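For reference, the structure is listed below as structure tokens.
What you see is a predicted model; the values in this text were computed from it and never measured. Computation of the quantities below employed the complete heavy-atom set of this structure, encompassing side-chain atoms and omitting hydrogens, waters and symmetry-equivalent molecules.
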Amino acid sequence: MSVYKSDFLRILSERGFIHQVSEPEALDALAASSRITAYIGFDCTAPSLHVGSLLPIMMLYWMQQTGHQPIALMGGGTTRVGDPSGKDESRKILTDADIADNLKGIQAIFSKFLKFGNGDGDARMANNADWLNSLNYIDFLRDVGRHFSVNRMLSFESVKMRLERQQELSFLEFNYMILQAYDFVELFKRHKCVLQMGGSDQWGNIVSGIDLGRRMANAQLFALTSPLITTSSGAKMGKTAAGAVWLNADRVSPYDYWQFWRNTEDSDVERFLKLFTILPLDEIKRLAALQGAELNDAKKVLATEATAMVHGRAAADEAAETARKTFEEGSLAESLPTIEIAKAELDKGVGVLAVAVQAGFVTSTSEARRQIKGGGLKVNDATVSDERMMLTAKDLTAEGVIKLSLGKKRHALLRPV
């Protein structure tokens, strides 16, 4: 369906969020005539979400902005099982204490995008541990399990992929789609939630929930999935040489987060501005039309706006100014990411390979060696040619720091304490 009547679906469609919708006409009519409630689930497998989770968070954001009620469902229960979708192997089983700690770190992100409260349009945060952890297994099999066909479950992409590759799929994981479907029914009963959203790899799981809702509660439920985001070069969104691009500032600094967006490929600028900022579409069109070196201005706007969404406007502006001073004026900006090192350790000398890993430029010393061979690593703007180079107090600049660089755009300061 190309033209939607509801603001909610129209905005999601115009900005590139929609991959598939079940019964689009019926969902559109419902969203145009009343406030609907929708949810997206987030498992608690790490203490922070990463850039890959931004797309679903932005879908919840636009849902609330258009007058509807979003639910962020924390997978306190399903995290104990592990979602096999898109996975080649079983997930590590986490303890309840791990899950509780991860939950705290994740919850903080949502308040930056959504307004929570008890009002009609306020966002809700739910946790499926509230109903999954106390399930009676025999009752669950009788009331819920009888509605699922093993033949059909075996046809799902997430299951077929594992079986075809002869990777073990545990009975625990095989249950995941039943639990996710049951979540949808519970949220319908508790909050009148009629829509589940997620990535396109979740389509089978969501449709199972729609079917279960019809069988158990005679409910009309809906599915909406978003495209899985990769960069134009085919790389997975949010993965860099230094690892995942986390949303929590204690894991990835606002400056490094800004740089991640600044380094967007030319052909991705317009798409990412639509998905990851709230700039008006006519302004995005203007920025996307810039050519050559001027396109860098559009990338800076993308970086600043995307950083402001997660870290606040002040941190975003500071990151932009730090980058301007570093790259355009060539000065040593004090707000670059800083690694502190004991003076005694620096007096003895620290290896440049270890420091490159510590700075988050690379994930291993062997990767640092490859960067040195390619001329990518610099100390105080001088290319490192010797992988055995030791940094000492003699390398301190007039400002009392050592500047480390990987390529032209990644920098950090080594500061003795």
*Start with the C-alpha gap between Asp268 and Arg271, add the side-chain angles, then the distance that decides, and say whether salt bridge (Lys or Arg N to Asp or Glu O under 4.0 Å) holds.*
CA-CA 5 Å; Asp268 289 328; Arg271 187 166 55 121; 2.8 Å; yes

Check: residues 108-121 side-chain donor-acceptor pairs under 3.5 Å, at least two apart:
residue : atom : partner : partner atom : Å
Ser111  : OG   : Ala108  : O            : 2.9
Lys112  : NZ   : Val310  : O            : 2.9
Lys115  : NZ   : Asp122  : OD1          : 2.7

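- Among residues two or more places apart in sequence or in another chain, the side-chain hydrogen bond (donor to acceptor under 3.5 Å, both in side chains) test is passed with Glu345 by none.
- A salt bridge links Arg214 with Asp211: at least one charged nitrogen is closer than 4.0 Å to a carboxylate oxygen.
- Pairs of residues two or more places apart, or lying in two chains, that qualify as salt bridge (Lys or Arg N to Asp or Glu O under 4.0 Å) and include a residue from residues 11-22 are Arg10-Glu14.
- Using a 4.0 Å cut-off between charged nitrogen and carboxylate oxygen, Arg369 and Glu387 count as a salt-bridge pair.
- Taking 4.5 Å as the limit, some side-chain heavy atom of Ile278 sits within range of a side-chain heavy atom of Trp62.
- Residues satisfying the side-chain hydrogen bond (donor to acceptor under 3.5 Å, both in side chains) criterion with Gln220, sequence neighbours excluded, are Glu23.
- Residues that satisfy the side-chain hydrogen bond (donor to acceptor under 3.5 Å, both in side chains) test with Arg35, not counting sequence neighbours, are absent from this structure.
- Counting heavy atoms from C-beta on, the side chains of Gln259 and Arg410 never come closer than 4.5 Å.
- Using modelled atom types, one side-chain atom of Asp386 and one backbone atom of Arg388 make a donor-acceptor pair closer than 3.5 Å.
- Between Trp261 and Phe276, the ring planes lie tilted relative to each other; the angle falls in the 30° to 60° range.
- A salt bridge links Arg313 and Glu305; the closest N-O separation between the charged side-chain nitrogens and carboxylate oxygens is under 4.0 Å.
- Applying the ring pair (Phe, Tyr, Trp, His ring centres under 6.0 Å) criterion to Phe184, with sequence neighbours excluded, gives Tyr39.
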